[in-house]
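Structure, as structure tokens:
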Amino acid sequence: MDLIRQIWIESGIYQISSGQIAMIAICLLLLYLGIVKKFEPLLLVTIGFGGLLSNIPGVEIATGNGLLHLAYVTGIETGAFPLIIFMGVGAMTDFGPLLANPKTLFLGAAAQFGIFATLLGALGLTELGIMDFSLREAAAIGIIGGADGPTAIYVAGQLAPHLLGAIAVAAYSYMALVPLIQPPIMRLLTTEAERKIEMVQLREVSKVERVVFPLLLLLLVALLLPSAAPLLGMLCFGNLMRECGVVDRLSDTTQNSLINIVTIFLGLAVGSKLSAEQFLDWSTLSILLLGMVAFAIGTACGLLMGKLLNKITKTPINPLIGAAGVSAVPMAARVANKVGMEANPQNILLMHAMGPNVAGVIGSAVAAGIMIMFAS
Amino acid sequence: MDLIRQIWIESGIYQISSGQIAMIAICLLLLYLGIVKKFEPLLLVTIGFGGLLSNIPGVEIATGNGLLHLAYVTGIETGAFPLIIFMGVGAMTDFGPLLANPKTLFLGAAAQFGIFATLLGALGLTELGIMDFSLREAAAIGIIGGADGPTAIYVAGQLAPHLLGAIAVAAYSYMALVPLIQPPIMRLLTTEAERKIEMVQLREVSKVERVVFPLLLLLLVALLLPSAAPLLGMLCFGNLMRECGVVDRLSDTTQNSLINIVTIFLGLAVGSKLSAEQFLDWSTLSILLLGMVAFAIGTACGLLMGKLLNKITKTPINPLIGAAGVSAVPMAARVANKVGMEANPQNILLMHAMGPNVAGVIGSAVAAGIMIMFAS
Amino acid sequence: MDLIRQIWIESGIYQISSGQIAMIAICLLLLYLGIVKKFEPLLLVTIGFGGLLSNIPGVEIATGNGLLHLAYVTGIETGAFPLIIFMGVGAMTDFGPLLANPKTLFLGAAAQFGIFATLLGALGLTELGIMDFSLREAAAIGIIGGADGPTAIYVAGQLAPHLLGAIAVAAYSYMALVPLIQPPIMRLLTTEAERKIEMVQLREVSKVERVVFPLLLLLLVALLLPSAAPLLGMLCFGNLMRECGVVDRLSDTTQNSLINIVTIFLGLAVGSKLSAEQFLDWSTLSILLLGMVAFAIGTACGLLMGKLLNKITKTPINPLIGAAGVSAVPMAARVANKVGMEANPQNILLMHAMGPNVAGVIGSAVAAGIMIMFAS
Amino acid sequence: MEIGLLNQGVTLMLVGMGTVFSFLTILVMAMSLMSSIVVKFAASGSDDDVSPEEVAAITAAIAVHRKK
Amino acid sequence: MEIGLLNQGVTLMLVGMGTVFSFLTILVMAMSLMSSIVVKFAASGSDDDVSPEEVAAITAAIAVHRKK
Amino acid sequence: MEIGLLNQGVTLMLVGMGTVFSFLTILVMAMSLMSSIVVKFAASGSDDDVSPEEVAAITAAIAVHRKK
Ligand code: NA
Ligand code: NA
Ligand code: NA
């Protein structure tokens with residue numbers, strides 16, 4: 001009888017807390033968004049399931065020697081997983097459109113204003129006494145505005161690990177919401193005439209330029225902003241493997257097996273931070289709110305910079321591609337393309353939008369480097 | 001001359017013990033069974049070779065900083081390798097036949113009696129003074145009757161690491177012997193008429209049911225038996241990745257590169273426990289004997305439950321598929337199919353036997369959870 | 001203003017040392033050799049980029065908790081990465097030509113004289129007071145003459161980790177230079193008539209011989225020279241997986257995903273040892289010089305043994321294939337083939353040269369075992 | 001004490017098989033319930049955000065751009 | 001002190017955006033310079049060590065050897 | 001002492017090359033012996049447990065079951 005009693009005492013029904021029930025509901029929602037709504041499924045499915053596992057009462061899986069906790073300690077605390085993902089992103093990214101039209105980097109720069117505005121917003125909430133974020137926490141929250149998952153996870157892991165769950169969920173959710181968040185802002189800030197602007201076809205980019213680019217970027221980072229070197233360095237390494245043409249087998253593995261394996265364990269490890277104590281907190285609501293604001297501001301700044309560039313350069317620039325400067329590769333570029341085609345069905349902006357899109361990745365990695373330098 | 005003497009002193013011929021010679025012979029036998037007899041080659045080849053390496057005298061490979069020992073510490077002691085394998089198994093398993101005919105779960109339940117009967121047998125040998133097994137050891141030995149390699153390795157790693165080598169070897173050897181062990185028992189316990197029973201074709205299972213099933217299973221485990229959550233949780237995660245349809249690249253990698261890499265190191269790490277001191281012991285002989293009994297009892301109970309189910313349900317059930325309830329996926333289901341075709345060449349039971357077959361995996365993971373809860 | 005000053009103080013331009021500038025130039029040279037000259041690109045590209053990353057001032061990536069340092073500690077210090085690579089090499093190697101003509105093993109043996117001559121050279125430089133190498137260091141340097149990357153990295157990681165960068169760079173650079181270094185020596189030491197010798201076609205090798213060979217080799221190593229067991233054991237394991245025919249999925253993963261993933265992190269980890277303090281030293285110059293000598297002596301000894309074998313055996317042996325005994329698989333065998341075709345365009349030596357070529361891998365692993373036994 | 005061990009084993013067997021059967025019985029009921037619910041509310045599924053025409057246009061654009 | 005925090009934030013924003021723009025401006029210039037240099041010295045590339053005939057011979061040799 | 005180091009090197013060279021040659025000589029003999037044994041007892045191999053007809057039946061069954 002003692003044994004039956006022990007089964008009952010160790011059962012989930014007996015042990016479960018209301019917070020865990022709420023977290024299980026939230027994780028099921030994340031799985032729903034990932035599977036049914038196809039919101040960034042690679043991450044929301046793995047994070048959501050990791051969250052389910054870590055909210056099962058009385059089991060050592062997200063703590064101690066548990067698999068999810070080991071993945072967190074070895075992969076997130078050390079920064080290894082986001083860096084390896086960034087290497088994979090580099091191996092999958094075609095910087096050709098950016099090389100063909102380097103000035104789209106300015107669009108990627110402008111869109112990073114969302115990051116710093118959000119940092120300010122988080123500190124403002126603190127000043128108003130609503131929340132109590134430190135500078136490190138505010139910086140980690142701001143990075144959501146970079147619309148770049150691995151960058152957000154890397155920075156949060158360094159500066160505010162206790163907010164990692166909320167930040168990762170916010171970052172991936174909003175990246176998936178790009179097709180809903182961006183179009184109204186795009187229509188508000190541009191005129192019909194601007195949205196109709198057709199751009200000249202991009203020039204061919206030679207293989208040598210493609211190979212030299214990652215090395216050039218790495219050297220500039222090394223000389224000017226070493227704190228951004230881990231993230232951008234791995235991005236450049238992946239891209240060099242992709243473009244150099246002599247290590248295709250390494251590049252293929254990086255783009256497939258390696259990034260997939262790391263994605264699975266990254267997602268589970270992030271999910272292990274979805275505990276009730278840390279997630280069911282007003283800070284999570286603030287983070288979701290601030291993240292939304294960050295995206296909107298980033299989009300708006302990219303668009304305004306697009307309008308400015310269009311004015312001051314000779315070749316026409318459709319301001320819509322500025323919205324792609326927030327990153328969220330390749331979703332934001334597709335949205336720019338779609339809104340452009342609504343105004344002018346002959347207007348295929350996709351390739352032009354890929355330039356600011358990948359520029360946004362570089363831009364937020366630079367911003368991340370600055371955050372890490374000052375806030376840590 | 002001193003150097004030549006040193007070579008001689010450090011040579012294997014000088015250092016080797018009779019126990020190591022015996023273990024090398026046993027490992028060569030395992031390799032023979034794996035390669036020539038095709039007994040579970042993925043595991044017997046890797047375990048056998050790992051055993052060879054760890055019985056080379058005077059080399060630090062299965063100890064200290066050696067590769068095999070590192071694999072053991074990081075992968076088996078933490079439980080990570082069997083859990084990742086279970087994720088892979090989940091990604092490779094089609095639960096459709098079980099969803100189409102849920103009552104075959106009872107067959108998978110009945111077959112777990114082999115586990116508990118073996119536990120009792122091990123304790124009985126202790127009472128008789130023949131052996132000296134503790135409750136933890138007896139529980140780990142019993143799990144061999146689950147006919148599920150990763151479950152057995154996981155439980156043995158938690159409850160009785162010093163018996164891991166013998167338990168893993170017994171589990172995989174008997175899983176391979178299923179086509180020899182089961183048919184006589186099947187013919188003994190069923191009538192010709194029962195073996196001829198044809199079953200109605202399974203209904204189509206919708207995609208939604210397939211997606212919901214792993215979540216449903218996980219939630220029930222979480223609420224009722226959290227100690228089974230690591231094993232079943234990873235199984236459900238793998239299966240969700242398989243069925244949800246939005247993370248196919250993760251599912252593919254899980255089913256291929258990831259499970260293959262982990263299998264290699266799991267096998268080598270298990271092999272590193274095949275040391276003469278631990279393996280050449282009466283306990284190993286008892287484990288082999290008890291494991292055989294466990295299989296036979298599990299098979300018999302599955303068959304008897306099949307006969308019972310056939311009596312009390314309206315739709316006809318061929319009792320042979322009950323034998324597949326021991327797991328040993330998909331070998332046991334094939335054996336049920338084969339024996340059924342001998343009695344009735346038109347009788348294709350394979351798909352019907354897959355239901356109890358995968359039910360056996362769930363059943364032994366549940367039994368493992370109970371063992372870990374009580375014995376640790 | 002303080003912040004801007006901080007950016008300046010933490011910038012690479014402010015912090016960089018002349019040594020780091022020199023190392024960045026050297027790493028760019030390695031990348032040039034790998035990408036443009038196609039010198040062993042899999043390793044030179046990854047090592048070169050790892051070197052770049054680790055010479056960025058003020059960033060913790062090759063130290064502390066940085067990704068490259070973690071890779072070094074977990075993969076090189078433990079010997080795990082070179083051993084896994086050796087497993088992959090085993091899975092990719094066809095020992096058929098060696099089995100068809102076992103006496104080519106003598107060619108692989110003779111070529112190892114380069115290793116020991118270089119060891120003696122390093123100690124000679126010490127005696128002359130030019131350098132100051134210990135026996136361990138000299139042994140690690142000598143292994144460059146084995147023309148086998150993972151063996152060199154394994155031995156250097158065990159005996160002289162501070163020389164690892166220079167030794168790995170030298171080993172891979174010279175392996176790539178085989179087509180330049182070997183032909184003059186080959187023409188010098190052989191007569192036109194010898195180079196024209198045609199060899200009898202190799203016999204068919206049965207599957208059983210292929211399967212038994214790795215086990216035979218492992219058992220001999222276990223009995224005679226256990227210190228070579230880790231390297232040769234993993235080689236044999238990979239080869240057994242390849243040839244046994246029942247674990248093809250493990251063999252495929254070993255030859256692709258697994259070896260590629262490990263190569264990436266091995267290269268980055270070796271690159272992390274390309275720091276200015278350790279690399280910009282006279283010892284590096286000596287290592288490059290001694291490595292070149294090692295290759296030349298190994299080639300010469302292989303050729304001379306080829307001439308001897310041709311004299312004392314009945315079947316004709318073209319001495320050119322002796323040069324392939326240095327390993328550098330499959331480059332050295334191709335060079336032997338090419339030089340042979342220059343003398344006699346009908347003379348296809350490639351398959352005959354593969355025997356000594358893979359024999360060279362075994363030979364240098366044996367030599368490595370002896371070095372580790374005596375020098376550690 | 002050894003009798004105690006065997007007793008423990010018998011108890012564990014009874015409780016264990018009881019738990020296995022209870023758990024799998026509940027699972028059978030839950031699965032049947034789930035399947036009947038799913039069959040009623042036949043899944044509506046979700047639509048892609050990108051239309052086929054758009055895909056075609058994008059593919060064409062990429063083809064034009066890269067053509068190398 | 002909270003004013004101080006907000007002040008820090010404003011400074012960080014100004015310096016941060018300044019750095020992002022400066023860095024990317026320098027990158028734009030470096031890329032343009034690099035591209036113009038590359039276009040001038042059109043890459044000469046490198047040749048393989050193995051000629052097609054040799055590859056054919058090797059392939060034939062392997063085929064003869066293995067044929068199983 | 002440095003003379004000692006060089007002496008050690010010479011000894012290591014002699015013993016090392018001796019060992020390499022001895023080991024590989026033994027390997028040559030073992031391989032030749034193994035090959036001659038294998039050639040004599042031409043491998044009998046092993047049969048699959050599953051007959052082609054059964055595979056066909058199984059495949060058909062699966063095809064019928066899944067057809068989606
Ligand atoms: Na961004
Ligand atoms: Na089972
Ligand atoms: Na060699």
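Order of the sequence lines fixes the chain letters, A, B, ..., with proteins taken first and strands second; residue numbering starts at 1 for each chain.
B/Ile261 touches chain C through backbone and side chain together, each having a heavy atom under 4.5 Å away. B/Ile7 touches chain C through backbone and side chain together, each having a heavy atom under 4.5 Å away. Interface remark: C/Ile370 contributes no atoms to any contact with chain B (heavy atom separation under 4.5 Å). Both the backbone and the side chain of B/Ile13 come within contact range of chain C, each with at least one heavy atom under 4.5 Å from a heavy atom of that chain.
Between the CG atom of B/Leu43 and the CG atom of C/Leu250 there is a distance of 8.5 Å, given to the nearest 0.5 Å. Expressed to the nearest 0.5 Å, how far CE of C/Met87 lies from CZ of B/Phe265 amounts to 4.5 Å. The distance from the CE atom of C/Met373 to the CD1 atom of B/Ile9 is 11.0 Å, given to the nearest 0.5 Å. Note that CG of B/Leu42 and CE of C/Met241 are 10.5 Å apart. Values are rounded to the nearest 0.5 Å.
The two residues B/Leu67 and C/Ala80 have their closest heavy-atom pair at CD1-CB, 3.6 Å. Pairing each heavy atom of C/Val246 with each of B/Pro41, the nearest pair is CG2-CB, 3.5 Å.
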What pairs of donor and acceptor atoms, side-chain ones from residues 216-224 of chain C against any protein atom, are under 3.5 angstrom apart with sequence neighbours left out?
none

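For the set C/Pro214, C/Cys244, C/Gly79, the entry with the most heavy-atom pairs within less than 4.5 Å of chain B is C/Cys244.
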Exercise for review: Any chance you could lay out the side chain to side chain contact (heavy atoms under 4.5 Å, CB included) test for B/Leu52 and C/Phe237, step after step, and finish with the verdict?
Suggested key: CA-CA 10 Å; B/Leu52 281 184; C/Phe237 180 50; over 6 Å; no

Check: every donor-acceptor pair under 3.5 Å linking chain B and chain C:
residue: B/Gly12; atom: N; partner: C/Leu223; partner atom: O; Å: 2.8
residue: B/Ile13; atom: N; partner: C/Leu223; partner atom: O; Å: 2.8
residue: B/Gln255; atom: O; partner: C/Arg249; partner atom: NH2; Å: 2.6
residue: B/Ser257; atom: OG; partner: C/Ser257; partner atom: OG; Å: 3.0
residue: B/Asn260; atom: OD1; partner: C/Arg249; partner atom: NE; Å: 2.7
residue: B/Asn260; atom: OD1; partner: C/Arg249; partner atom: NH2; Å: 3.0
residue: B/Asn260; atom: ND2; partner: C/Arg249; partner atom: O; Å: 3.2
residue: B/Asn260; atom: ND2; partner: C/Thr253; partner atom: OG1; Å: 2.8

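Checked options B/Ile56, B/Ile16, B/Ile61; the residue passing with C/Pro226 is B/Ile56 (criterion: side chain to side chain contact (heavy atoms under 4.5 Å, CB included)).
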